[in-house]
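The structure displayed is predicted, hence computed values, not measured ones. Proteins come first, then strands; the chains are lettered A, B, ... in the order of their sequence lines, and each starts at number 1.
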Number of protein chains: 2
Amino acid sequence: MPLSKPMQDALELPICPIEPAAHIIGQKWTLQIVYFLLNSSSMRFCELQDRLGGVNPSTLSSRLKMLEEEGIVRREQISAIPPHVEYSLTAMGRDLEGVIREVTRWSNAWLCGSTK
Amino acid sequence: MPLSKPMQDALELPICPIEPAAHIIGQKWTLQIVYFLLNSSSMRFCELQDRLGGVNPSTLSSRLKMLEEEGIVRREQISAIPPHVEYSLTAMGRDLEGVIREVTRWSNAWLCGSTK
DNA sequence: ACATAGTACTACGTTTAGTATAGCATGGAT
DNA sequence: ATCCATGCTATACTAAACGTAGTACTATGT
């Protein structure tokens, strides 16, 4: 049954419950970044840059900053020699595994479908 | 030495299997459009516009066109009176339900967590 | 006949997001 | 001192999304 909304729709159009998530996921590179971090526990900036195949470093930088602010990615300065930075997923980020799994399934079924 | 790049790295960078899906999903409004169409079997242009809360009609138009080309959305001209257009999901689009379900779960767990 | 309203858009000009390319800062190694 | 690697930032450009307005069609009211 399609959700029919009576009279109060102007005031409170049924809020789309995925809107805040869509705001994060619906940005370029977010899903791919999470995908790679899920598979490798931690990665460096340049490593991500290589894997993502041609993302521009400004975009990657701001995307990682946003994901850190949202609590999805953790940034750690490693003071070893040579010092560097490692990015990994928080619990919140790791919990996106279900989303990634479903996206992968759908992608394999309908987009990369030739090898099903 | 960190990963030195011989000559064949272009050949064997593990391709990200969600890239084609991310290209579709990682565009503004796509997830919300699919969410609403999953819940209502078919919707009109203006109805989507209202529910999405302030999407610009050019963007909605091009997004629907893209989704139709990808095989996710079906567009039907209804020749009743008054004539209008109805948008609905194809089988490919309906199969995104698992993705939407996981996104909803994650969103409720971490973003809208206070309520529900 | 003419204006008004609903539906589904398109057109125009502006802002924001993302891009290509280059360069900077730090810390070894040579 | 010079070179390289890492992790970015800076600059200038293009593409995506935006707000607002308007068009084309049909129907309905005056």
Side-chain angles (χ1 to χ4, degrees), chain A residues 2 5 9-10 16 19-20 22-34 36-37 40 42-70 73-88, chain B residues 1-6 9-10 16 19-20 22-34 36-37 40 42-70 73-88:
Chain A
K5 257 331 201 181
D9 56 358
C16 178
E19 179 141 3
H23 183 244
I24 296 171
I25 290 173
Q27 285 190 276
K28 222 168 173 180
W29 304 113
T30 296
L31 280 177
Q32 288 103 311
I33 290 169
V34 172
F36 283 120
L37 289 180
S40 60
S42 94
M43 291 179 87
R44 301 184 184 184
F45 189 91
C46 288
E47 200 177 352
L48 275 167
Q49 215 178 343
D50 289 345
R51 291 301 182 87
L52 293 172
V55 63
N56 138 355
S58 315
T59 305
L60 180 55
S61 177
S62 72
R63 189 66 66 254
L64 286 169
K65 211 162 283 174
M66 183 270 276
L67 289 171
E68 194 190 357
E69 280 163 12
E70 296 288 345
V73 157
R74 176 168 34 242
R75 181 185 191 277
E76 279 178 291
Q77 297 242 22
I78 308 292
S79 306
I81 291 172
H84 60 275
V85 180
E86 296 202 344
Y87 294 96
S88 56
Chain B
M1 294 292 122
L3 16 107
S4 52
K5 310 276 202 65
D9 61 351
C16 177
E19 179 140 5
H23 182 245
I24 295 171
I25 290 173
Q27 284 189 276
K28 223 169 173 178
W29 305 112
T30 296
L31 280 177
Q32 288 102 312
I33 290 169
V34 172
F36 283 120
L37 289 180
S40 59
S42 93
M43 289 180 90
R44 301 182 184 187
F45 189 92
C46 288
E47 201 177 352
L48 275 167
Q49 214 178 344
D50 289 345
R51 291 301 182 86
L52 293 173
V55 62
N56 147 339
S58 315
T59 306
L60 180 55
S61 178
S62 74
R63 188 67 65 255
L64 287 169
K65 212 162 282 175
M66 182 271 273
L67 289 172
E68 194 190 354
E69 280 163 12
E70 295 287 346
V73 158
R74 177 169 34 241
R75 182 185 190 276
E76 279 178 292
Q77 296 243 21
I78 308 292
S79 306
I81 290 173
H84 60 274
V85 180
E86 296 202 343
Y87 293 96
S88 57

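- Between atom CD of residue Glu69(B) and atom OG of residue Ser62(B) there is a gap of 10.0 Å, rounded to the nearest 0.5 Å.
- No more than 12 heavy atoms of other residues, nucleotides or ligands shown are found within 6.0 angstrom of NE2 on His23(B).
- The nearest whole Å value for the distance from the CD atom in Gln49(A) to the C1' atom in dA5(D) is 13 Å.
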Tyr87(B)/Leu67(B) under side-chain contact (heavy atoms from CB on, under 4.5 Å): CA gap, chis, key distance, verdict = CA-CA 10 Å; Tyr87(B) 293 96; Leu67(B) 289 172; over 6 Å; no
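- The CE atom of Met43(B) sits 11 Å away from the P atom of dA8(C) (whole-angstrom rounding).
- Here the P atom of nucleotide dG6(C) and the CD atom of Glu47(B) are 15 Å apart, to the nearest Å.
- The nearest whole Å value for the distance from the NE2 atom in His23(B) to the P atom in dG18(C) is 12 Å.
- If you measure from atom CD of Gln77(B) to atom C1' of dA24(D), you get 13 Å, rounded to the nearest angstrom.
- Distance CD/Glu70(A) to NZ/Lys65(A): 14.5 Å, rounded to 0.5 Å.
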Scan nucleotides 13-23 of chain D against the protein and return all N/O pairs shorter than 3.5 Å with their distances rounded to 0.1 Å.
{"unit_1": "dA17(D)", "atom_1": "OP1", "unit_2": "Lys28(B)", "atom_2": "N", "d": "3.3"}
{"unit_1": "dA17(D)", "atom_1": "OP1", "unit_2": "Arg63(B)", "atom_2": "NH2", "d": "3.3"}
{"unit_1": "dA17(D)", "atom_1": "OP2", "unit_2": "Arg63(B)", "atom_2": "NH2", "d": "2.5"}
{"unit_1": "dC18(D)", "atom_1": "OP1", "unit_2": "Trp29(B)", "atom_2": "NE1", "d": "3.2"}
{"unit_1": "dC18(D)", "atom_1": "OP2", "unit_2": "Trp29(B)", "atom_2": "NE1", "d": "3.1"}
{"unit_1": "dC18(D)", "atom_1": "OP2", "unit_2": "Thr59(B)", "atom_2": "OG1", "d": "3.1"}
{"unit_1": "dC18(D)", "atom_1": "N1", "unit_2": "Asn56(B)", "atom_2": "ND2", "d": "3.4"}
{"unit_1": "dG19(D)", "atom_1": "OP2", "unit_2": "Gly54(B)", "atom_2": "O", "d": "3.3"}
{"unit_1": "dG19(D)", "atom_1": "N7", "unit_2": "Asn56(B)", "atom_2": "ND2", "d": "2.7"}
{"unit_1": "dG19(D)", "atom_1": "O6", "unit_2": "Asn56(B)", "atom_2": "ND2", "d": "3.4"}

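- No side-chain heavy atom of Val55(A) sits under 4.5 Å from any side-chain heavy atom of Leu48(A).
- Of the side-chain N and O atoms in Lys65(B), one or more sit less than 4.0 angstrom from OP1 or OP2 of dT10(C).
- Atom pair Leu48(B):CG and dG6(C):P shows a separation of 19 Å (rounding to whole Å applied).
- If you take CZ of Phe45(A) and C1' of dT6(D), they are 10 Å apart, rounded to a whole angstrom.
- Atom-to-atom, CD of Glu86(A) to C1' of dC8(D) comes out at 16 Å; the value is rounded to the nearest Å.
- For the side chain to side chain contact (heavy atoms under 4.5 Å, CB included) test, residues two or more places apart in sequence or in another chain that qualify with Glu68(B) are Arg75(B).
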